[in-house]
Amino acid sequence: MIYVWLLAMMQQAAVPPPAGPVQPVPYSHKTHLAMGLKCNNCHTNPDPGEVMGFPAESKCMQCHQAVKKDSPHIQKLAASAKENKPMPWVRVYRIPGFVFFSHRAHIQQGFDCSKCHGPVAERDVIRKEVSLAMGDCMECHRHNKASTDCKFCHDERN
Ligand code: HEC
Ligand code: HEC
Ligand code: HEC
Ligand code: HEC
Ligand code: HEC
């Protein structure tokens, strides 16, 4: 029996986490955070605080007006900034619309971004390396004595 269990565990361990998506330009968190940028330079958590959001392309152009401007990737970025058309970033972490979630509520509890997204500053490509399925939300809520009532995450707002 134990061997069957061990084999199952080993097979599970051998399954690699999902690969990161191909993004419209190869933006690297690792490269950019090494320059001293902070998460909230780009992800601002506007009111009411549910989303972190993505930076405006004009933010990127503060540097890329000059930096690597001959790169085809940067030209794509520049065109998107000029036309005021957001880059079509492929979403990595996403929960269904019938689940209520607030970034601000969790950040105010003192949780670091890495708790739910892994060591982003070390990544060239963001992939879903932390699972945020219902059971994972529940486990942390239980651990921190936060509510696990169905209505807490699935409420009238849906
Ligand atoms: C220079 C701007 C910039 C900075 C600084 C930055 N990010 Fe990002 N972030 C982006 C862009 C652009 C994307 C979309 C492309 C991608 O997924 O790599 C993104 C995507 C993400 C995603 C994936 C979101 C999803 O579900 O698709 C996470 C998570 C994230 N960032 C976390 C962080 C954290 C944590 C930090 C600080 C350690 C940080 N970011 C700093 C620009 C930035
Ligand atoms: C603080 C200045 C700064 C900001 C802000 C910035 N970048 Fe960069 N970016 C750089 C520098 C410097 C490099 C070159 C790094 C290297 O190659 O060593 C770079 C490289 C890149 C590259 C690789 C280009 C190539 O062809 O090699 C991409 C793509 C990129 N940045 C996208 C973005 C995006 C998207 C944003 C906004 C979310 C952004 N950058 C914001 C400074 C910046
Ligand atoms: C308690 C877990 C948790 C923490 C802590 C957390 N996130 Fe998230 N993040 C999520 C979930 C869940 C989603 C998907 C939300 C959705 O689809 O509505 C997400 C989505 C995102 C996105 C995609 C855009 C958006 O707003 O939906 C970005 C960017 C992001 N997070 C960045 C960050 C940054 C930066 C921090 C730290 C300041 C952070 N997150 C902290 C759970 C978390
Ligand atoms: C790292 C631990 C942790 C994770 C992971 C986590 N939560 Fe929470 N969550 C908390 C704590 C602690 C609170 C604060 C509870 C309180 O105020 O009593 C909270 C609060 C909330 C709230 C109340 C927000 C408000 O506006 O007051 C909702 C809704 C919620 N979480 C949903 C989720 C969902 C959905 C997920 C999974 C995608 C999730 N949480 C993952 C720890 C976590
Ligand atoms: C802490 C937050 C949280 C609580 C509490 C919670 N859920 Fe969920 N629930 C989620 C998240 C997140 C998802 C989406 C998971 C995904 O798509 O990966 C979800 C998905 C679901 C789904 C859809 C399942 C599917 O496979 O698509 C149902 C049904 C559901 N929840 C019922 C409940 C019931 C019943 C309760 C009370 C016993 C409950 N939930 C409590 C966060 C929560």
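Both backbone and side-chain heavy atoms feed into the values below; hydrogens, waters and symmetry mates do not. Every number for a ligand or one of its atoms is a count from 1 in the order of the listing.
- Contact annotation for Phe98 and ligand 5: only side-chain heavy atoms (C-beta onward) come within less than 4.0 Å of the ligand.
- The protein non-hydrogen atom at the shortest distance from atom 26 (O) of ligand 1 is Tyr93 N, 2.7 Å.
- Among all non-hydrogen protein atoms, the one lying nearest atom 14 (C) of ligand 5 is Pro96 CD, 3.6 Å.
- Contact annotation: Asp149 has at least one heavy atom less than 4.0 Å from an atom of ligand 5.
- When only non-hydrogen protein atoms are considered, atom 18 (O) of ligand 5 lies nearest to Ala133 CA, 3.9 Å.
- Listed by atom number, the atoms of ligand 1 under 4.0 Å from Leu37 heavy atoms are 1 (C), 5 (C).
- Closest to atom 41 (C) of ligand 5 among all protein heavy atoms lies Met138 CE, 3.5 Å.
- Against a heavy-atom cut-off of under 4.0 Å, Thr148 is close to the following atoms of ligand 5: 5 (C).
- Ranking the protein heavy atoms by distance from atom 37 (C) of ligand 1 puts Cys39 SG, 1.8 Å first.
- Ligand 2 is never approached by Cys42 to a heavy-atom distance shorter than 4.0 Å.
- Using a 4.5 Å heavy-atom cutoff, the side chains of Tyr27 and His73 are not in contact.
- When each of Lys69, Lys82, His64 is paired with Leu77, the side-chain contact (heavy atoms from CB on, under 4.5 Å) condition holds for His64 and for no other.
- Looking at Glu57, its side chain never comes within 3.5 Å of a backbone N or O of Asn84 through a donor-acceptor pair.
- Given atom 6 (C) of ligand 2, the protein heavy atom at minimum distance is His32 CD2, 3.3 Å.
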* **Audit row: Ile126, His117, side-chain contact (heavy atoms from CB on, under 4.5 Å) steps and yes/no** => CA-CA 9 Å; Ile126 308 272; His117 299 303; over 6 Å; no
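- The shortest N or O to N or O distance between Trp89 and ligand 1 is not under 3.5 Å.
- When distances to atom 8 (Fe) of ligand 2 are checked against a cut-off of 2.8 Å, Cys60 contributes no N, O or S atom below that limit.
- Looking only at heavy atoms of the protein, atom 43 (C) of ligand 1 is closest to Tyr27 OH, 3.2 Å.
- Looking at atom 23 (C) of ligand 2, its nearest protein heavy atom turns out to be Pro26 O, 4.6 Å.
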* To do: Might you work through the side-chain contact (heavy atoms from CB on, under 4.5 Å) test for Arg123 and Glu129, ending with a clear yes or no?
  => CA-CA 11 Å; Arg123 298 288 179 252; Glu129 58 188 289; 2.9 Å; yes
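- Side-chain atoms of His29 do not come within 3.5 Å of backbone N or O of Asp124 as any donor-acceptor pair.
- Under the 4.5 Å side-chain criterion, counting only non-hydrogen atoms from C-beta, Phe54 is in contact with Arg91.
- Using a 4.5 Å heavy-atom threshold, the side chains of Trp89 and Val25 count as touching.
- Side chain of Lys68 to backbone of Ile74: no donor-acceptor contact under 3.5 angstrom is found.
- Annotation: atom 21 (C) of ligand 5 to nearest protein heavy atom, Met134 SD, 3.6 Å.
- Of the polar atoms of Val92, at least one N or O is found under 3.5 Å from an N or O of ligand 1, judged by distance alone.
- Considering Lys38, Met52, Gln23, His29 only, the shortest heavy-atom separation from atom 39 (C) of ligand 1 involves His29.
- For Ser80 (side chain) and Lys85 (main-chain N/O), a donor-acceptor pair under 3.5 Å exists by modelled atom type.
- Listed by number with element, the atoms of ligand 2 under 4.0 Å from a non-hydrogen atom of Val67 are 10 (C), 11 (C), 12 (C), 13 (C).
- Residue contacts with ligand 1 for Arg91 involve both N, CA, C or O and side-chain atoms from C-beta outward (heavy atoms, distance under 4.0 Å).
- One hydrophobic cluster, built from ILVMFWY side chains closer than 4.5 Å, holds both Val120 and Val130.
- Among all protein heavy atoms, the one lying closest to atom 13 (C) of ligand 5 is Val99 CG2, 3.5 Å.
- The nearest N, O or S atom of Cys153 is not closer to atom 8 (Fe) of ligand 5 than 2.8 Å.
- The nearest heavy-atom contact from the protein to atom 7 (N) of ligand 5 is His154 NE2, 2.8 Å.
- Protein heavy atom closest to atom 11 (C) of ligand 2, with residue, atom name and distance, is Met35 CE, 3.2 Å.
- Within the 2.8 Å limit, His43 places at least one N, O or S atom next to atom 8 (Fe) of ligand 1.
- For Cys113, every heavy-atom contact with ligand 1 shorter than 4.0 Å involves the side chain, none the backbone.
- In this structure, Asn41 has no heavy atom closer than 4.0 Å to ligand 1.
- A heavy-atom distance below 4.5 Å is found between the side chains of Lys128 and Tyr93.
- Of all the atoms in ligand 5, the ones that sit under 4.0 Å from a non-hydrogen atom of His141 are 1 (C).
- Evaluated by nearest non-hydrogen atom to atom 38 (C) of ligand 5, the leading choice among Gly135, Cys150, Ser131 is Cys150.
- Contacts between Val125 and ligand 1 below 4.0 angstrom, taking non-hydrogen atoms only, are absent altogether.
- For ligand 2, the polar-atom distance check against His73 finds no nitrogen or oxygen pair separated by under 3.5 Å.
- Heavy-atom proximity to Cys137, at under 4.0 Å, picks out these atoms of ligand 5: 1 (C), 2 (C), 12 (C).
- Two residues are said to be in side-chain contact when any heavy atoms from C-beta on lie closer than 4.5 Å; His141 and Phe152 meet this criterion.
- For Ser114 against Asp112, the heavy-atom pair with the smallest separation is OG-OD2, 2.7 Å.
- The shortest N or O to N or O distance between Thr31 and ligand 2 is not below 3.5 Å.
- Contact of the Cys153 side chain with the Phe101 side chain is not registered, since no non-hydrogen atoms from C-beta on lie closer than 4.5 Å.
- Looking at atom 5 (C) of ligand 2, its nearest protein heavy atom turns out to be Cys63 SG, 3.5 Å.
- Looking at Met87 against ligand 1, nothing comes within 4.0 Å, counting heavy atoms.
- Not one N or O on the side chain of His103 forms a donor-acceptor pair closer than 3.5 Å with the backbone of Gly49.
- Between Asp47 and Arg104, the closest side-chain pair of non-hydrogen atoms falls below 4.5 Å.
- Under a 4.0 Å heavy-atom criterion, His64 is in contact with ligand 2.
- Protein heavy atom at the shortest distance from atom 22 (C) of ligand 1 is Ile126 CG2, 4.3 Å.
- Counting protein heavy atoms only, atom 28 (C) of ligand 2 is closest to Ile74 CD1, 3.8 Å.
- Heavy-atom contacts from other residues, nucleotides or ligands closer than 6.0 Å to CD of Glu139 number 12 or fewer.
- Considering both main-chain and side-chain atoms, Ser71 comes within under 3.5 Å of ligand 2 through a nitrogen or oxygen pair.
- Contact check for Asn144 versus Gln109: no side-chain heavy atoms found under the 4.5 Å cut-off.
- Which parts of ligand 2 touch Pro55 is read off a 4.0 Å heavy-atom cut-off, strictly below it: atoms 38 (C).
- For atom 27 (O) of ligand 2, the nearest protein heavy atom (residue, atom name, distance) is Lys68 NZ, 3.2 Å.
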